[in-house]
Amino acid sequence: LDPSEGLDPSEGLDPSEGLDALGRLDGGGLVRAFERARLRALSESAGETPRERAEWVLEATAYVSALEVVGRLASIERADRDALAARARRTLLSLAGVATDEDGREALDLAARYAREGLRALSGAAASEWGDGDDAPPPVRDLVRLVRGDLDGFASADVALRLRGSRRGRAELAGLVPSIASPAAVRFRVAADTLSDDAPNAALRDPREGRAIGSLSIGSPPGDGALEAFVFPDRSVSIYADPPLALRVSGIGVEERAARPGYVEVRPLDVTGPLSLRVEYGDRSFEWVLALG
């Protein structure tokens with residue numbers, strides 16, 4: 001799909017939000033908006049009500065699904081992920097005692113839906129699906145404000161979920177902000193490129209025989225690197241990386257079966273839940289949790 005086909009990038013934008021502004025978008029504004037919300041959610045404030053505390057935590061967690069869509073999920077430090085995830089779980093479990101009326105209950109239910117998507121992304125689990133249909137994309141103005149960090153956490157999550165259901169919307173986002181390597185755009189491309197390069201690939205698994213279970217965009221600015229993970233019928237997991245830097249993977253109950261720059265295959269041994277991996281990619285080292293399903 002040509003991202004520019006039928007798209008007027010300045011449609012619906014104020015003059016100050018025109019093409020010059022689009023060229024400056026890199027997702028940093030969204031990251032900063034999330035960080036402000038995260039700090040507020042994890043800080044204790046005198047005089048705050050249980051309802052206010054819950055809303056702050058849910059909003060910060062809701063931002064995470066937007067970071068996932070624009071490929072900036074890796075910008076969250078591991079310790080910050082764990083702290084926010086723990087607070088979000090406690091908040092979601094205690095919502096029954098927060099709402100005071102029916103309208104409040106409905107508002108919190110919607111906020112909780114957005115937060116659960118963010119919590120899923122924080123844990124490293126892949127989204128249940130990325131729609132490839134013809135759902136109407138969000139307006140261009142909403143895409144710009146999402147990436148720039150002008151929307152609150154709940155509005156950001158709403159746009160992100162609509163993008164997940166719209167192939168055209170994701171293509172428009174990529175057209176507006178080419179520097180963003182979103183999981184939707186990265187998925188399968190890295191694996192396909194790895195198979196088609198000039199290096200020997202006899203040991204590589206064909207991703208078409210497996211199922212995509214996760215993707216990451218790495219680096220600041222975004223686009224420094226990308227990884228994709230696929231699980232195969234024999235439960236082996238292959239990880240493909242672009243650029244093809246040194247890649248090693250370890251974990252409890254995990255056996256490495258094949259490795260080369262930009263590719264590694266592992267086999268989980270007696271692992272029944274999510275697969276927790278320690279990934280060393282180039283000069284970076286991080287944890288990645290994959291839901292095998």
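These numbers come from a predicted model, not from an experiment. Throughout, numbering of the chain's residues begins at 1 and tracks the sequence.
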Quiz item: So, for Y240 and F230, is the gap between ring centers shorter than 6.0 Å?
Solution: yes
Quiz item: So, T91 side chain and R87 main chain: donor-acceptor pair closer than 3.5 Å or not?
Solution: yes
In terms of side-chain geometry, is the basic nitrogen of [X] or [Y] positioned less than 4.0 Å from the acidic oxygen of its partner?
X: E59; Y: R36; result: no
X: E256; Y: R267; result: no
X: E280; Y: R284; result: no
X: E117; Y: R120; result: yes
X: R113; Y: D158; result: no

So do [Y] and [X] actually touch side chain to side chain, heavy atoms under 4.5 Å?
X: V279; Y: L227; result: yes
X: L108; Y: L58; result: yes
X: I239; Y: E265; result: no
X: S94; Y: R89; result: no
X: V289; Y: L275; result: no
X: E68; Y: V64; result: no
X: E287; Y: L277; result: no
X: R278; Y: S285; result: yes

Quiz item: Hey, mind stepping through L30 and V147 against side chain to side chain contact (heavy atoms under 4.5 Å, CB included) and telling me if it holds?
Solution: CA-CA 5 Å; L30 178 61; V147 180; 5.7 Å; no
Practice problem: Establish whether V57 and F34 are linked, either directly or via other cluster members, by ILVMFWY side-chain heavy-atom contacts under 4.5 Å. | Solution: no
Quiz item: Do L245 and V266 belong together in a cluster built from hydrophobic side chains that touch within less than 4.5 Å?
Solution: yes
Hey, could you give me the [atom1]/[atom2] distance between [X] and [Y], rounded to the nearest 0.5 Å?
X: I76; Y: Y63; atom1: CD1; atom2: OH; answer: 12.5 Å
X: W56; Y: S43; atom1: CH2; atom2: OG; answer: 9.5 Å
X: S156; Y: D150; atom1: OG; atom2: CG; answer: 9.0 Å
X: E48; Y: R40; atom1: CD; atom2: CZ; answer: 10.5 Å
X: E55; Y: L95; atom1: CD; atom2: CG; answer: 10.0 Å
X: D242; Y: Y281; atom1: CG; atom2: OH; answer: 6.0 Å

If every non-hydrogen atom of [X] is compared with every non-hydrogen atom of [Y], which pair is closest and at what distance?
X: A66; Y: L146; result: CB-CD1, 3.8 Å
X: L42; Y: L84; result: CD2-CA, 4.2 Å
X: D152; Y: A155; result: OD1-N, 2.7 Å
X: P244; Y: P261; result: O-CB, 3.3 Å
X: L143; Y: G169; result: CD1-O, 4.3 Å
X: R257; Y: S236; result: NH1-OG, 2.8 Å

Self-check item: Check: S65/Y114 side-chain N/O donor and acceptor closer than 3.5 Å
Solution: no
Practice problem: Go through the steps for R38 and T61 under the test side chain to side chain contact (heavy atoms under 4.5 Å, CB included), then give the verdict. | Solution: CA-CA 8 Å; R38 181 187 64 80; T61 313; over 6 Å; no
